[in-house]
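Notes to accompany the following structure.
Below, chains carry the letters A, B, ... as their sequence lines are ordered, and counting in each starts from 1.
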Amino acid sequence: MQSTARAFTANARQALDDAKLQVALARFPEGFPVKRRLAVERLPEFEALRDDAKEIKDHVLAHLDYYLERFEAKVAERGGQVHWCSDAEEARTLLVKLCRDAGATTITKAKSMIGEEIGVNDCLEEAGFKPVETDLGEYIIQLRHEPPSHIIAPAVHLSKDQVAEAFRAAHKDLPDDRPLNEPQEMLDEARAVLRRAFLSSSVGITGANMLVAETGSIVLVTNEGNADLTQTIPPVQIVIASIEKIVPTLEDAATVLRVLARSATGQDLSVYTTFTTGPRRSGDLDGPQHFHVILLDNGRTRMLGGEFREMLRCIRCGACINHCPVYGAIGGHAYGWVYSGPMGAVLIPNLIGVDEAKDLPNASTLCGRCEEVCPMRIPLPRLLRKLRDQQFEAGQVPPLFRYGLRWWARLARWPALYRLATGAGVATLGRLGRRKGRFRKMPFAGGWTNARDLPAPQGRTFQQWWSAEKGVRQ
Amino acid sequence: MISGRERTLSAIRDALGRGALGPDEKAKLERRLRYPRANVVPARGQCDSREGLVATFIAEAERVNATVERLCSGDDIAPAVADFLRAHNLPQRVRVAGDAVFKDVRWSDAGGLEAEAGPAAADDSASVTGAYAGIAETGTLMLLSGPDSPTLLNFLPPNHIIVLPEGSVVGTYEDAWHRLRAEVGTGIAMPRVITWITGPSRTADIEQTLLLGAHGPRRLHVLLVDGATSAA
Ligand code: SF4
C-alpha cells in the first residue's frame, strides 16, 4: 500500500476535525479496553501466560532458521508447497502467477495484515482478477477503497450510515428501496453477497496467525468464520505469512491463543480457531486440492539483526492501539499506512524507512499504557525512544530543537549552573504568569502551546522545593 | 541464482550472527518438538471430578451464546434435534456427519425428520455433527475433519447442532492435545483440519454492535450425551 505517513501532522489535524470519526472514536474506550480488563481479571494466570508467550517467541526468533526449515518439511510431507519471498515485489509476482495457474477469476480473501503490507488487492486487480475481502469490516473498507483503520476492527472509524451508503453504491442488483438502517440488515445483505462470492471463488487467500513447526499447520483465528470458508471452498488455498509467525508446538500455540483474544477483543478465545495442515486428503469431501504457503521476509530479517528485534514478538492483537491516547484522538488513518497506534509507530518506520515516517516516533506521549497491556511484553516506549535517538543521530531533528537539546545537555552536566539557570527561568516565568496562572503562547514552544496552555510555574524549581521540604521534614 | 529460500535463511543467520546450527543444538530443538511440554495451564480448566468439568464446560459455552442441552442417552438425539428445529421454526431436515456417535441414531423415528449425510449444500438450514472433544476452560468444541466429517458442515448452514458425549469433555487445551496425540497422533495421521469452535459466529464490525451469525452459524446448540462414549 502507498504510504501517507510523511503527511502525519496534516493527517492528524484532519482527523481531529472529522466529526464522524470523532463520534466513532468516542465509542472506543467503553469497548475493547473494558472487555480486556474483565477478561484478564477472570484469569489469574494471565501475567504468567504473558511471560511464557514472550519466552516462546524469543526462543523462536533465536532459532528462526531451524523452525522455518522444520515447518517447510512438515508442510511438504503433507502435500503442501512452501515458497520463500524476500520482499513485497517477489511475493506479488508469485501470487499473480499462482492465481493464473489456478485459472482464477474471483478470489476470496480473509483479512491479512501482511496482505495489506504488500498490497495484495491492488496487485490482483491490476492483473485482472476480482479479489473479494470476506471479513465484514475489511469488505466494507474494500468497497470504500480505503485502508483499515485498526488491525482487528478495520472499519471501526465508520458510522452505520456510511456502511449503508457503501452497500447501496456497490450492490446495484438489489432493490433501491430496501431498508438498510440497522447493522443487522447490513450484515444479512453482506452475508448473502459474500456467500455468492465464496461459492464462485477459485482461489482462497488467507494470512496466518501462527505457523506450527511441529505439525506444519497454519493457525487462523476469526470470529466470523470467513477464514474457514475462504480456505475450504476454493480448489486452491494460498497462505501468506511473515516469517516470524512460527511457534514450535501445539502447546505453544495454545499459550499464545490464551493471551491473543483476551488482549484483542476481551474474549477468552475467538469463535473459530482452526489448525489446517496441507491440502484435501483422499476420501475428504471438501478442502482445497492445492495448498501453498508463502513465507515472506519483507524487512523482518533486518529487524531481527537490529535494535528492534523485540517488535517481532508482536502477535497483532491491537491492545496497544486500543489503549493509546494518541490513537484515541486521531484514529488509524492518520498514521498513513497499514498499521497504527504504538505498534504502527514502531513498525512503519522499520518497514518503509524512517525517512518516510519521520513524525511517527513522536506520535506518542510515552505514557506507557501500551507496554503495560502488550501481551508479548514488547517495550514499545523504549523502541519509540530508540527511533527518536536514531532520528537525532541522522540529523532529522530540526536545528532549533537540536540546539535546545544540546544546551540543556551541557547545562545538566553542571549541577550548580543547572540550578542557577532553572531557578532564574522558573522565577521569571512564575512572575510573568502569576496573574493568569498559564501561558497561551510561548516563544519557541508553539508546538506545545498551539494545542494547549502551558501552566505557569509556581516560582520555585523542584530542587528548591525539595530542599525546603526536606528541611521541614527533618 | 540463489533461491529465495537460501536468501532468507542466510539473512536470518547473518542477523543472528551465527551459521547454521550444529547437530547438538538441532537435536535439542528436535527434542523440544518431539516431547512437547505444557506451559502455564490455567486452573479454571483443571478439576478432579467429571461433574465439575462438565459444569465448567456448560457455563463457559453458555457465556459465549451457545446453548447446551443434556441428554440421558443416544436415543434422545433424534428427538432433541427435531425439537430444536421446531422451536426455531426450521424445516425438519438436517445434514448429518457420519461420525460413529450417530451410527445407532434412527432419525426417521423422530416424527418427519429427514437426515441426509454428505457435504453441506448452500441451502442447508441445519447440520448435525459430532465433536472430538469439549474443552471446559473456554466452553470450546474441538472438531476433526475426515471423510465422514467434512469441514463445511460446521460453517455453511446457519444452525449447527453438535453432539458431544460427556466422556469427551476435557479440561484444558493441553488435555485436548494430549488426547489427540495418544489416540490419533499429530504426525501423518493428524486430521487435515482441526477446528475449535467457541460459540456461534459473530461480528462487531459495524459500530461495534455485536451481531451473531456473520458467516458461520447464527445458532450453536450442543447436545451433551450422558453415557455415550467418545465420538472418535
Ligand atoms: S505490540 Fe503488543 S499490544 Fe501491540 S499489537 Fe503487537 S502484541 Fe499486541
Atom group of [X] that falls short of 4.5 Å from chain B, counting heavy atoms:
X         : result
Asp52(A)  : side chain
Leu220(A) : neither
Ser270(A) : backbone
Ala62(A)  : backbone
Arg309(A) : side chain
Leu68(A)  : side chain
Leu199(A) : side chain
Arg195(A) : side chain
Gln267(A) : side chain
Pro44(A)  : neither
Leu257(A) : side chain
Glu90(A)  : side chain

Residues [X] and [Y]: side-chain donor-acceptor under 3.5 angstrom:
X         : Y         : value
His59(A)  : Tyr67(A)  : yes
Gln184(A) : Asp188(A) : yes
Gln231(A) : Thr276(A) : yes

For each of [options], tally heavy-atom pairs with chain A at distances under 4.5 Å, and name the one with the top tally.
options                                    : result
Gly216(B), Gly139(B), Ser149(B)            : Gly216(B)
Arg34(B), Glu30(B), Glu25(B)               : Glu30(B)
Thr203(B), Leu180(B), Thr138(B), Leu153(B) : Thr203(B)
Pro150(B), Gly199(B), Ala176(B)            : Pro150(B)
Thr209(B), Ile197(B), Leu152(B)            : Leu152(B)

Decide yes or no on side-chain hydrogen bond (donor to acceptor under 3.5 Å, both in side chains) for Thr198(B) and Thr140(B), but give the supporting numbers first.
CA-CA 5 Å; Thr198(B) 312; Thr140(B) 299; 2.9 Å; yes
Relative to chain A, which segment of [X] carries a heavy atom at a distance below 4.5 Å: side chain, backbone, both, or neither?
X         : result
Glu6(B)   : neither
Thr186(B) : both
Arg18(B)  : side chain
Val193(B) : both
Ala120(B) : neither
Pro200(B) : backbone
Leu143(B) : neither

Does the salt bridge (Lys or Arg N to Asp or Glu O under 4.0 Å) test come out yes or no for Glu174(B) and Arg258(A), once each step is laid out?
CA-CA 12 Å; Glu174(B) 285 75 4; Arg258(A) 283 199 181 98; 2.6 Å; yes
Give a yes or no on whether the ring-centroid distance for Trp196(B) and Tyr132(B) is below 6.0 angstrom.
->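 No, the ring of Trp196(B) stays outside the 6.0 Å limit from the ring of Tyr132(B), centre to centre.
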**Asked** Strictly under 6.0 Å, is that where the ring centroids of His160(B) and Phe155(B) end up?
**Response**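 When the ring centroids of His160(B) and Phe155(B) are compared, they turn out to be at least 6.0 Å apart.
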Is there a side-chain contact between [X] and [Y] in this structure, where contact means two heavy atoms from C-beta onward sitting under 4.5 Å apart?
X         : Y         : value
Pro147(B) : Asp284(A) : yes
Met186(A) : Ile140(A) : no
Arg78(A)  : Arg192(B) : no

Mind running side-chain hydrogen bond (donor to acceptor under 3.5 Å, both in side chains) on Arg7(B) and Ser86(A) for me, showing each step along the way? CA-CA 7 Å; Arg7(B) 223 175 320 136; Ser86(A) 295; 2.9 Å; yes
Name of the residue among Leu49(A), Asp252(A), Thr249(A) meeting side chain to side chain contact (heavy atoms under 4.5 Å, CB included) with Asn39(B):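 When side chain to side chain contact (heavy atoms under 4.5 Å, CB included) is applied between Asn39(B) and each of Leu49(A), Asp252(A), Thr249(A), only Asp252(A) qualifies.
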**OP:** Indicate the atoms forming the closest heavy-atom contact of Lys26(B) with Leu21(B), along with that distance.
**Re:**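 Looking at all heavy atoms of both residues, the shortest contact is CE-O, 3.9 Å.
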Inter-residue atom distance Glu224(A).CD - Arg202(B).CZ, 0.5 Å rounding
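Glu224(A) atom CD to Arg202(B) atom CZ measures 11.5 Å (nearest 0.5 Å).
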